[in-house]
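Here the structure is a predicted model, which means the values were calculated and not measured. Chain naming here is simple, since letters A, B, ... match the order of the sequence lines and numbering starts at 1 in each.
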Number of protein chains: 2
Amino acid sequence: MGKQMTEMLKGTLEGMVLAILAVQPAHGYEITAQLRDQGFTDLVEGTVYALLIRIEQRGYVDVTKEPSEKGPPRKVYTLNAQGREYLEEFWNTWSFLAERLEQLRQEGK
Amino acid sequence: MGKQMTEMLKGTLEGMVLAILAVQPAHGYEITAQLRDQGFTDLVEGTVYALLIRIEQRGYVDVTKEPSEKGPPRKVYTLNAQGREYLEEFWNTWSFLAERLEQLRQEGK
DNA sequence: TACTAGTAGATAGTACCACTGACTAGTAGG
DNA sequence: CCTACTAGTCAGTGGTACTATCTACTAGTA
């Protein structure tokens, strides 16, 4: 992963994970795999797991432990009301930034 | 400035400043004022000055010192060839991220 | 003279977050 | 037994924006 992308992911990766959880509950390994499929090939598991712990502690997700057919039990994360509210804020912040950047890109032709 | 925005600016603020310099040379105070006008009202000068020193050390900009009618001499930054190349990379990285985010937003309806 | 506001830049210290690189635990196939 | 895959954890590092404060110069004003 380029250093540019690494820095740009700060702040946005969190929103991306919340957006994934807004579609349906998921566990860490699954989220990592999905993001990698979407092109973030070098994303490391450790980063996602740490992020999940963070948003759990902030109360944006509910957690249930479910047995897995293979490997240790999964921690399944579900976006709750507080998380949805925070996600909406995220989209607002994102929209603002994206608009400004698009504007700057146009100005530079 | 919200904490969300603060984190999101990591990685993108640099690109924004380079994009501003791609339009025309400018000095730090000017860049800060422009960004504030565009809605980043809480952006602090210190951040921009530190960023400018960084991109100068990396060789993305050329610097000339010009006397000011008011206050100490200005450091005018001009984007050079290396900086333009880096800016193009930035837009590529940004486009990729923005597309993925937009896709996630659609999926969540 | 002294004070204030505006212009212009610098910097030490802090917090946050993604990464690196390792580790534990469980299951299945050779 | 050994490897590979699944699933999660964690200490340490580096980069970046922030906070807060500082220097330096000019103009206006009381």
Write down the distance between [atom1] ([X]) and [atom2] ([N]), rounded to a whole number of angstrom.
| X | N | atom1 | atom2 | answer |
| --- | --- | --- | --- | --- |
| Glu7(B) | dC18(D) | CD | C1' | 10 Å |
| Gln4(A) | dC19(C) | CD | C1' | 17 Å |
| Glu56(A) | dG8(D) | CD | P | 12 Å |
| Leu18(B) | dT16(D) | CG | P | 12 Å |
| Lys3(A) | dT20(C) | NZ | P | 13 Å |
| Met16(A) | dA18(C) | CE | C1' | 11 Å |
| Met8(B) | dA15(C) | CE | C1' | 18 Å |
| Tyr29(A) | dT9(D) | OH | C1' | 15 Å |

Check ion pair Glu14(A)-Arg54(A) (N to O, under 4.0 angstrom):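 The answer is yes: the pair qualifies as a salt bridge.
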What protein N or O atoms touch nucleotides 10-13 of chain C N or O atoms at under 3.5 angstrom, if any, and at what distances?
{"unit_1": "dA10(C)", "atom_1": "OP1", "unit_2": "Lys75(B)", "atom_2": "NZ", "d": "3.0"}

Tell me whether the OP1 or OP2 atom of [N] has a side-chain N or O from [X] closer than 4.0 Å.
| X | N | value |
| --- | --- | --- |
| Ser68(A) | dA7(D) | yes |
| Arg54(B) | dT16(D) | yes |
| Arg58(A) | dC16(C) | no |

Roughly how far, to the nearest 0.5 Å, is the NZ atom of Lys10(B) from the CD atom of Glu7(B)?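 Rounded to the nearest 0.5 Å, the CD-NZ separation comes to 4.0 Å.
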In terms of side-chain heavy atoms of [X], which of [options] is nearest?
| X | options | result |
| --- | --- | --- |
| Pro72(A) | dA8(C), dT19(D), dA7(D) | dA7(D) |
| Lys10(B) | dG14(D), dA17(D), dA8(C) | dA17(D) |
| Thr6(B) | dC17(C), dC18(D), dA7(D) | dC18(D) |

Given that Glu14(A) and His27(B) both sit by DNA chain C, which one's nearest nucleotide is further toward the 5' end?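 Result of the comparison: His27(B).
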Cluster check Val17(B), Val23(B): I/L/V/M/F/W/Y, side chain < 4.5 angstrom: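 Unlinked, Val17(B) and Val23(B) end up in two clusters.
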So Val61(B) and Leu52(B), do their side chains get closer than 4.5 Å, heavy atoms only?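 No, too far: nothing below the 4.5 Å cut-off.
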Start with the C-alpha distance between Phe96(A) and Phe40(B), add both sets of side-chain angles, then the distance that settles ring pair (Phe, Tyr, Trp, His ring centres under 6.0 Å), and finish with yes or no. CA-CA 10 Å; Phe96(A) 178 81; Phe40(B) 301 95; 5.2 Å; yes
Could you identify the nucleotide paired to dG12(D), looking across every strand shown and requiring Watson-Crick or G-U wobble geometry with both distances under 3.5 Å?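 Pairing partner: dC19(C).
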Hey, can you tell me if Tyr86(A) and Tyr60(A) have their rings parallel, tilted or perpendicular (30° and 60° cut-offs)?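 The rings of Tyr86(A) and Tyr60(A) lie parallel, inter-plane angle below 30°.
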Categorize Leu52(A) for me: base, sugar-phosphate, or nothing, with a 4.0 angstrom heavy-atom threshold over every strand shown.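 The answer is nothing, as Leu52(A) stays clear of every strand by at least 4.0 Å.
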Would you say the side chains of Arg100(A) and Thr12(B) form a donor-acceptor pair under 3.5 Å?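 Distance-only check fails for Arg100(A) and Thr12(B).
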